[in-house]
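Let me begin by presenting the structure, written as structure tokens, before commenting on it.
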Amino acid sequence: QVQLVESGGGLVQAGGSPTLSCVASGGTFSTYVMAWFRQAPGKERELVAAITPGSELTHYADSVKGRFTISRDNAKNTVYLRMNSLRPEDSAAYYCSLDLRFPPRRAALYWGQGKQVAVSE
């Protein structure tokens with residue numbers, strides 16, 4: 001059984017650059033595709049960023065390209081999402097996920113509990 005535990009998030013100012021973290025337990029982290037999704041009220045879940053097991057490839061949604069960076073540390077079983085230049089439209093619940101596909105689909109294999117990111121003007 002794989003468990004994903006997220007940390008970070010909260011209320012941030014527009015233009016801020018917080019980082020979300022997600023620690024995985026169970027399984028073999030270095031073999032998994034990791035990703036971040038987000039969902040705002042009344043909107044569909046969106047794939048924000050994904051990264052291959054050895055960090056060979058990354059994927060970003062058009063809305064965050066050039067601003068967000070996904071990275072991973074396999075020795076720590078951790079994936080990160082650095083969010084630069086946050087905008088109010090980035091406000092959402094952010095979910096860490098694990099999958100065997102790249103890019104992952106909405107039906108990812110495992111999910112974190114979600115962290116709320118609220119961006120104030």
Side-chain angles (χ1 to χ4, degrees):
Q1 184 79 17
V2 174
Q3 186 176 26
L4 304 175
V5 179
E6 302 175 36
S7 60
L11 180 63
V12 299
Q13 297 281 351
S17 299
T19 296
L20 300 176
S21 299
C22 174
V23 179
S25 60
T28 306
F29 181 80
S30 61
T31 68
Y32 301 142
V33 171
M34 301 300 298
W36 293 91
F37 288 79
R38 69 184 182 186
Q39 187 167 23
K43 293 184 170 58
E44 296 294 323
R45 182 178 55 191
E46 174 189 24
L47 174 62
V48 176
I51 188 167
T52 52
S55 301
E56 300 93 346
L57 297 172
T58 56
H59 169 87
Y60 297 97
D62 289 342
S63 58
V64 307
K65 284 181 180 176
R67 298 190 297 120
F68 290 13
T69 302
I70 188 171
S71 62
R72 66 192 295 160
D73 186 341
N74 287 346
K76 297 181 178 180
N77 286 5
T78 302
V79 63
Y80 307 92
L81 184 68
R82 174 67 181 270
M83 302 180 289
N84 290 328
S85 303
L86 281 179
R87 308 163 180 168
E89 55 263 40
D90 294 318
S91 297
Y94 284 74
Y95 296 89
C96 174
S97 69
L98 178 158
D99 210 341
L100 300 178
R101 303 165 295 182
F102 182 85
R105 276 74 164 180
R106 288 187 295 170
L109 194 59
Y110 292 97
W111 296 90
Q113 78 276 18
K115 296 294 290 187
Q116 193 70 41
V117 176
V119 184
S120 63
E121 189 63 51

Is there a side-chain contact (heavy atoms from CB on, under 4.5 Å) between Val117 and Val119 once you walk through the steps?
CA-CA 6 Å; Val117 176; Val119 184; 4.1 Å; yes
Closest approach of [X] to [Y] (non-hydrogen atoms, all atoms of both residues):
X      : Y      : answer
Ala35  : Ala50  : CB-CB, 3.9 Å
Ala49  : Leu81  : CB-CD1, 4.1 Å
Ser85  : Ser17  : N-OG, 3.6 Å
Pro88  : Ala14  : CD-CB, 4.5 Å
Gln13  : Ser120 : OE1-OG, 3.3 Å
Pro104 : Leu47  : O-CD2, 3.8 Å

At what distance, to the nearest 0.5 angstrom, does [atom1] of [X] lie from [atom2] of [Y]?
X     : Y     : atom1 : atom2 : answer
Cys22 : Tyr80 : SG    : OH    : 10.5 Å
Cys96 : Trp36 : SG    : CH2   : 5.0 Å
Met83 : Tyr94 : CE    : OH    : 5.5 Å
Asn77 : Thr28 : CG    : OG1   : 9.0 Å
Asn74 : Met34 : CG    : CE    : 9.5 Å
Ile51 : Leu57 : CD1   : CG    : 9.0 Å

Pairs flagged by side-chain hydrogen bond (donor to acceptor under 3.5 Å, both in side chains) wherever residues 59-71 is involved - sequence neighbours left out:
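Output for this query lists Arg38-Ser63, Glu46-Ser63, Asp62-Lys65, Arg67-Asp90.
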Would Gln3 and Tyr110 satisfy side-chain contact (heavy atoms from CB on, under 4.5 Å), going step by step from the backbone distance to the final call?
CA-CA 7 Å; Gln3 186 176 26; Tyr110 292 97; over 6 Å; no
Test your reading of the model: is there a side-chain donor-acceptor pair from Gln116 to the backbone of Gly9, 3.5 Å cut-off?
no
Under 3.5 Å, side chain of Ser21 to main-chain N/O of Ser7, donor-acceptor pair present?
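Flag not set: sc Ser21 to bb Ser7 has no pair under 3.5 Å.
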Scan residues 99-110 for pairs that pass salt bridge (charged side-chain N to carboxylate O under 4.0 Å, His left out), counting only residues two or more places apart or in two chains.
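For residues 99-110: Glu44-Arg106, Asp99-Arg101.
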By side chain to side chain donor-acceptor pair (under 3.5 Å) - contacts of Tyr32 (at least two apart)
none
Does some side-chain heavy atom of Leu98 sit less than 4.5 Å from a side-chain heavy atom of Val33?
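In short, these two side chains do not touch, never coming nearer than 4.5 Å.
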Any side-chain heavy atom of Leu86 within less than 4.5 Å of one from Phe68?
yes
Walk me through whether Leu4 and Glu6 qualify under side-chain contact (heavy atoms from CB on, under 4.5 Å).
CA-CA 7 Å; Leu4 304 175; Glu6 302 175 36; 5.8 Å; no
Does any donor atom in the side chain of Asp73 or Thr78 lie under 3.5 Å from an acceptor atom in the other side chain?
no
side-chain contact (heavy atoms from CB on, under 4.5 Å) between Arg45 and Tyr95: does it pass, once the steps are laid out?
CA-CA 10 Å; Arg45 182 178 55 191; Tyr95 296 89; 5.7 Å; no
Is Phe37 reachable from Val64 through a run of hydrophobic residues whose side-chain heavy atoms are each under 4.5 Å from the next?
no
Are Val23 and Trp111 grouped together when hydrophobic residues (ILVMFWY) are joined by side-chain heavy atoms under 4.5 angstrom apart?
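No, Val23 does not connect to Trp111 through the hydrophobic network.
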Can you tell me if Glu56 has over 12 outside heavy atoms packed within less than 6.0 Å of its CD?
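Yes - once you tally the heavy atoms of other residues, nucleotides and ligands closer than 6.0 Å, there are more than 12.
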